[in-house]
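Report on one structure; see the data block that follows.
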Amino acid sequence: MGKLLKEIRDTQVRVGKPPRKLDTILENLGEQDRTDLLTALDDHSISPTVIARVLRNNGFDITRTAIQRFRGLYGS
């Protein structure tokens, strides 16, 4: 067995994934802000860059890529 295959076989599988940033943000928002954010996520006329910028301006660490990923995963 080669070194790379041995390393692959010996590497532990991580159980569970850390929560996505946007999921964590949604959990920490009040009801109205959560509804507003979900509405914005569903509205593809609003760019991920704008959503991320507004969330960062409100103290959340998020990127446009995270918004795009969320939209892709949840079909938003």
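- Rounded to the nearest 0.5 angstrom, Asp42 CG and Leu37 CG are separated by 9.5 Å.
- Taking each heavy atom of Pro48 and Gln68 in turn, the nearest pair found is CG-CG, 3.6 Å.
- By the 4.5 Å heavy-atom criterion applied to side chains, Asp33 and Asn58 are not counted as neighbours.
- Summarising the geometry of His44 relative to Arg71, their closest heavy-atom pair is CE1-CD, 3.7 Å, with the distance given to 0.1 Å.
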Kindly determine whether Phe70 and Ile25 satisfy side chain to side chain contact (heavy atoms under 4.5 Å, CB included), including the steps that lead there. CA-CA 12 Å; Phe70 184 91; Ile25 290 170; over 6 Å; no
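- Taking the salt bridge (charged side-chain N to carboxylate O under 4.0 Å, His left out) definition, one finds that Asp10 meets it with Lys6, sequence neighbours left out.
- Between the CD atom of Gln32 and the CG atom of Asp36 there is a distance of 4.5 Å, given to the nearest 0.5 Å.
- Summarising the geometry, atom OG1 belonging to Thr39 is positioned 8.5 Å from atom CD1 belonging to Ile46; distances are rounded to the nearest 0.5 Å.
- With rounding to the nearest 0.5 angstrom, the CG atom of Asp43 is 12.5 Å from the CG atom of Leu38.
- For the atom pair CG (Leu26) and CG (Leu41), the distance works out to 7.0 Å, reported to the nearest 0.5 Å.
- At most 12 heavy atoms of other shown residues, nucleotides or ligands fall within 6.0 angstrom of atom CZ in Arg64.
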Taking it one step at a time, do Phe60 and Leu22 satisfy side chain to side chain contact (heavy atoms under 4.5 Å, CB included)? CA-CA 9 Å; Phe60 296 103; Leu22 203 47; over 6 Å; no
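- Taking each heavy atom of Ile51 and Ala40 in turn, the nearest pair found is CD1-O, 3.7 Å.
- The heavy-atom pair separating Ile62 from Arg56 by the smallest distance is O-NH1, 3.0 Å.
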